[in-house]
Amino acid sequence: MASQETMEQPIGESNGAAAREQPDGEPALKRVKLDNSDLSQASQDVPQKPHREKVKGVAMIKEEYLIVAPAQGDDAVAVDDDAAEGRTVPLHHDRQDDSRGGGKKKKQKGGQNKDREFGNFSDALRLCNSVAWTPEFSPRHCKNGDRCNALHDLRKYLKEGRRPDLDIFDGKCPVWATFGKCPSGWRCLFVSSHMQEVEHQDGRTELVLVDDPSKPSGDDDELGEMKPGVMNMVATQIKLDLSRKRVKLDMSEKYLEWLAKDIEMYRDHYHKQKDDEDVAKDYRAQYIEPPFKPSEKRRIYFGRETPVLAPLTTQGNLPFRRLCVELGAQVTYSEMALGLPLLQGQKADWTLMRAHESEVTPPRFTPSGPAEQGYENSRDLKFGVQITANAPWIAVKTTETLARFLPHLRVIDINCGCPIDMVYKTGAGSALLDAPSKLERMIRGMNAVSGEVPITAKIRMGIRDDKLTAQKLVERLARGSPDMRDKLGAPGCAAVTLHGRTRQQRYTRAADWGYIAECAALIKQYDGKTDDLTDTIRETEENRLPNGGRMFFVGNGDCYSHTDYFDHLDNAKVDSVMIARGAIIKPWIFEEIEKGQYLDKSASERLGYIEKFARYGMEAWGSDEIGLNYTRRFMLEFLSFFSRYIPIGVLEHLPPSINERPPAYRARDDLETLLASKNYKDWIKISEMFLGPVPTEFKFQPKHKSNSYEIEAEG
């Protein structure tokens, strides 16, 4: 603690302390009189630095890098960090975009900010899928026949229907260079690097796509749906069956039928005779067992060595998670998906369920004691999904559907913390904090139908600042309500993550890690009580409780450095820390945690991460016009946070704070200054380094600014 105080000591304070010393036992006043002339001369020779008061919310930048005086109070830049928690972009990521449909009625937008426009960046002429991946003379059968309004002339498409090939990456397709095959086929904007014109014996020349024979061939994919290295790809037919209600969810139906009867009986007893002491006994006497017990769950682990990447809407896409895993993230989550659209087979939400192959490897694990007994690290993986629902039937059916069709799932997490109005007003997200009975039924039902996949929850401290509910809710998730506890045991929640803010608070104040610590202490008590619970009349089988009856507890809020991370582990006593905004601003925070030190990344290293994002985006979304500009869109969203990073070398004090904004400053070189720019036009320039020129129809509206970027076609 003393070293930290020294580190954060304002300029000039140490000299003042030295002046107060009294060598040779002389009184300080006498010494000042004797040395007054010398001090006066010294003050003229050596310029004195003015004392700089630290302003709340403003980062202290070294004076040599400042352009203007530090902003005071209200002059600090205000940003809306709820952007990382709620949908601000229409549900996306699915490459089978309706822009290829030609003439179809435009679907109504989903998402929170429906008025955000990104333009139309499809090809000028739409190439029919029957020729998109085949040799010129061997197209597949076109199901629309003569009625097809798409283009079938491959040469005309390459000449007039799209932009010329890009010259970035030396004109070579990054996807083809990595995998030896390009799923974008003829639509690829680097297609000249993996095509040939073959001359036949009859003199005709044919355009053909070529594969790299030195690369593994992989699965044959005629429709371009499969992506190299991408897991949890759900077939189109399954989504079609879901949309037409052809998928039978027998376990959910049986459980929900039982649940409806149980809720009706519960209401009959408790609403009609609230003051009757025999009501609880009467309810228990008529209680009916659920139709089946939960299956044994695969054990999970959260520990000091497993920093967690939070589920981040828009920013938490597959390319970004892949980058974070590469830098040391040990647990990842999908973006929050809405339960009902998943049940309806909507492509956009199912696309959010995809994971990269690096996410299905086991997290780092260091055995430390008997608490991890029974945990098999080789069966664990990093990737989990997060859903939200406003009714038990949606949560239960969605859980059974995900467990059936997604082979690579660590956990299914129910979101009980999303603060945005679009979710809250439907009764989902943070609205569940004030509906503990409904949430408990959700957890129990999800646990019953999830197979071996554990169920977890992410919550906030409460909805309002004057009514914190997390402590009672944590107890309920750990042990169950008194009415249900002795009949069904604990709900089966494998882990709870607590964000140290209320819905009302949003990001107006720092996260309350003191409150998180109080809840963590309660969890330790509840784990012991859960062990006692297994010896009650119910004699709950230990293997039917997740992790043998232990519920992990993860803290979340404002973690921005390795010092924050280890401080929360040591003082709040959480099992691990979930990192959200800190990871978007500084993805190498996971590397800092692993190495236990600050890493002053150079501008070229940081630019390298943006290049990797571009490459990973093309691998995930395609190297055609649509795929490149999906990547551009999410790169710009990423840069809106990434640009907030203040290099360690220009800061006056450490540790840095995520809630502090810098005054205007000039960084250590031009590239570092460009990366710190808050001007979205500079973000556009950075994207053009790796994704080529912005198409004329592309638009970008920064979340935190009222203006927008748009290129108007000339003429």
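Residue indices begin at 1 and follow the sequence shown.
Closest approach of Ala428 and Asn390 over heavy atoms only: N-CB, 3.7 Å. Between Gly229 and His356, the closest heavy-atom pair is O-CD2, 3.4 Å. Across every non-hydrogen atom of His152 and Ala150, the tightest pair is ND1-O, 3.2 Å. Minimum interatomic distance between Leu342 and Leu242 (heavy atoms only, all atoms of both residues): O-CD1, 3.8 Å. Between Phe552 and Tyr301, the shortest heavy-atom contact is CZ-CA, 3.9 Å. Taking each heavy atom of Pro311 and Met578 in turn, the nearest pair found is CD-SD, 3.9 Å.
Here CG of Asn447 is found 13.5 Å from NZ of Lys293. Values are rounded to the nearest 0.5 Å. In this structure, CE in Met618 is found 9.0 Å from SG in Cys188, a value given to the nearest 0.5 Å. In this structure, OG1 on Thr388 lies 11.5 Å from CG on Leu340, to the nearest 0.5 angstrom. To the nearest 0.5 angstrom, Ile610 atom CD1 is 10.0 Å from Ser687 atom OG. Once rounded to the nearest 0.5 Å, the distance linking CG of Leu381 with CG of Leu409 reads 7.5 Å. Atom CG in Leu352 sits 10.5 Å away from atom CG in Leu318 (nearest 0.5 Å).
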Hey, mind stepping through Gln344 and Ser243 against side chain to side chain contact (heavy atoms under 4.5 Å, CB included) and telling me if it holds? CA-CA 4 Å; Gln344 294 169 341; Ser243 68; 5.7 Å; no

Residues Trp393, Leu343; criterion side chain to side chain contact (heavy atoms under 4.5 Å, CB included); working and verdict: CA-CA 11 Å; Trp393 73 268; Leu343 291 176; 4.1 Å; yes

Could you go step by step and tell me if Asp421 and Arg503 meet the salt bridge (charged side-chain N to carboxylate O under 4.0 Å, His left out) rule? CA-CA 10 Å; Asp421 291 342; Arg503 178 182 185 269; 2.6 Å; yes

Apply side chain to side chain contact (heavy atoms under 4.5 Å, CB included) to the pair Phe383 and Val331, showing each step before the final yes or no. CA-CA 6 Å; Phe383 178 72; Val331 178; over 6 Å; no

Please walk me through it: do His499 and Ile459 pass side chain to side chain contact (heavy atoms under 4.5 Å, CB included)? CA-CA 6 Å; His499 184 177; Ile459 66 175; over 6 Å; no

Could you walk me through whether Asn556 and Thr497 satisfy the side chain to side chain donor-acceptor pair (under 3.5 Å) test, starting with their C-alpha distance in whole Å, then the side-chain angles of each, then the deciding distance to 0.1 Å, before giving a yes or no? CA-CA 7 Å; Asn556 171 223; Thr497 300; over 6 Å; no

Determine, stepwise, if the pair Lys382 / Thr306 fulfils side chain to side chain donor-acceptor pair (under 3.5 Å). CA-CA 10 Å; Lys382 297 181 177 72; Thr306 59; over 6 Å; no

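Between Glu253 and Lys397, at least one side-chain nitrogen of the basic residue sits less than 4.0 Å from a carboxylate oxygen of the acidic one, meeting the salt-bridge criterion. With salt bridges taken as basic N to acidic carboxylate O contacts below 4.0 Å, none links Arg615 and Glu619. At a threshold of 4.0 Å, the pair Glu637-Arg633 does not count as salt-bridged, since none of the basic side-chain nitrogens sits closer than that to a carboxylate oxygen. The existence of a salt bridge linking Glu326 and Arg322 is excluded, since no basic side-chain nitrogen approaches an acidic carboxylate oxygen closer than 4.0 Å. The existence of a salt bridge linking Arg321 and Glu359 is confirmed by a sub-4.0 Å separation between a basic side-chain nitrogen and an acidic carboxylate oxygen. For Arg379 and Glu452, the salt-bridge test passes: some basic side-chain N is under 4.0 Å from an acidic carboxylate O.
Side chain of Asn232 to main chain of Ala355: no donor-acceptor pair is present (N/O by atom type, distance under 3.5 Å, no hydrogens or angles). Trp186 contributes no side-chain N or O that, together with a main-chain N or O of Val191, makes up a donor-acceptor pair within less than 3.5 Å. The main-chain N or O of Gly627 is found under 3.5 Å from a side-chain atom of Asp624 such that the two form a donor-acceptor pair. A donor-acceptor pair under 3.5 Å is absent between the side-chain atoms of Arg298 and the main chain of Val453, judged by distance alone. Checking side-chain atoms of Asp123 against main-chain N and O of Leu125 turns up no donor-acceptor pair under 3.5 Å. Side chain of Asn629 to backbone of Ile626: no donor-acceptor contact under 3.5 angstrom is found. In this structure a side-chain-to-backbone donor-acceptor pair under 3.5 Å is missing from Asp413 to Tyr333. Between the side chain of Ser430 and the backbone N or O of Cys418 there is at least one donor-acceptor pair closer than 3.5 Å. The backbone N or O of Asn129 lies less than 3.5 Å from a partner atom in the side chain of Arg140, making a donor-acceptor pair. Counting only distance, with no hydrogens or angles, the side chain of Glu357 and the backbone of Val230 share no donor-acceptor pair below 3.5 Å.
Residues satisfying the salt bridge (charged side-chain N to carboxylate O under 4.0 Å, His left out) test with Lys438, not counting sequence neighbours, are none.
Taking the six-membered ring for Trp and thresholds of 30 and 60 degrees, Trp683 and Phe700 have ring planes more than 60 degrees apart, a perpendicular arrangement. Using bins of under 30°, 30° to 60° and over 60° for the plane-to-plane angle, the ring pair Phe634/Tyr630 lands in the parallel bin.
For the pair Lys458 and Cys416, the minimum side-chain heavy-atom distance is 4.5 Å or more. Residues Asn415 and Met336 form a side-chain contact, since some pair of their non-hydrogen atoms from C-beta on lies under 4.5 Å apart. Contact of the Pro587 side chain with the Phe642 side chain is registered, since non-hydrogen atoms from C-beta on lie closer than 4.5 Å. Taking 4.5 Å as the limit, some side-chain heavy atom of Ile387 sits within range of a side-chain heavy atom of Ile414. With a 4.5 Å cut-off on side-chain heavy atoms, Gln386 and Glu335 do not count as touching. Side chains of Asn377 and Tyr375 form a contact here, defined as non-hydrogen atoms less than 4.5 Å apart. Contact check for Tyr157 versus Arg126: no side-chain heavy atoms found under the 4.5 Å cut-off. Thr399 is listed as a side-chain neighbour of Ile455, based on a closest heavy-atom distance under 4.5 Å.
Tested against Glu625, the residues Arg162, Arg163, Arg187 include a single side chain to side chain donor-acceptor pair (under 3.5 Å) partner, Arg163.
Between Phe613 and Phe320, the ring center distance fails the sub-6.0 Å criterion.
Judged by the 6.0 Å and 45° rule, Arg410 forms a cation-pi pair with Phe302.
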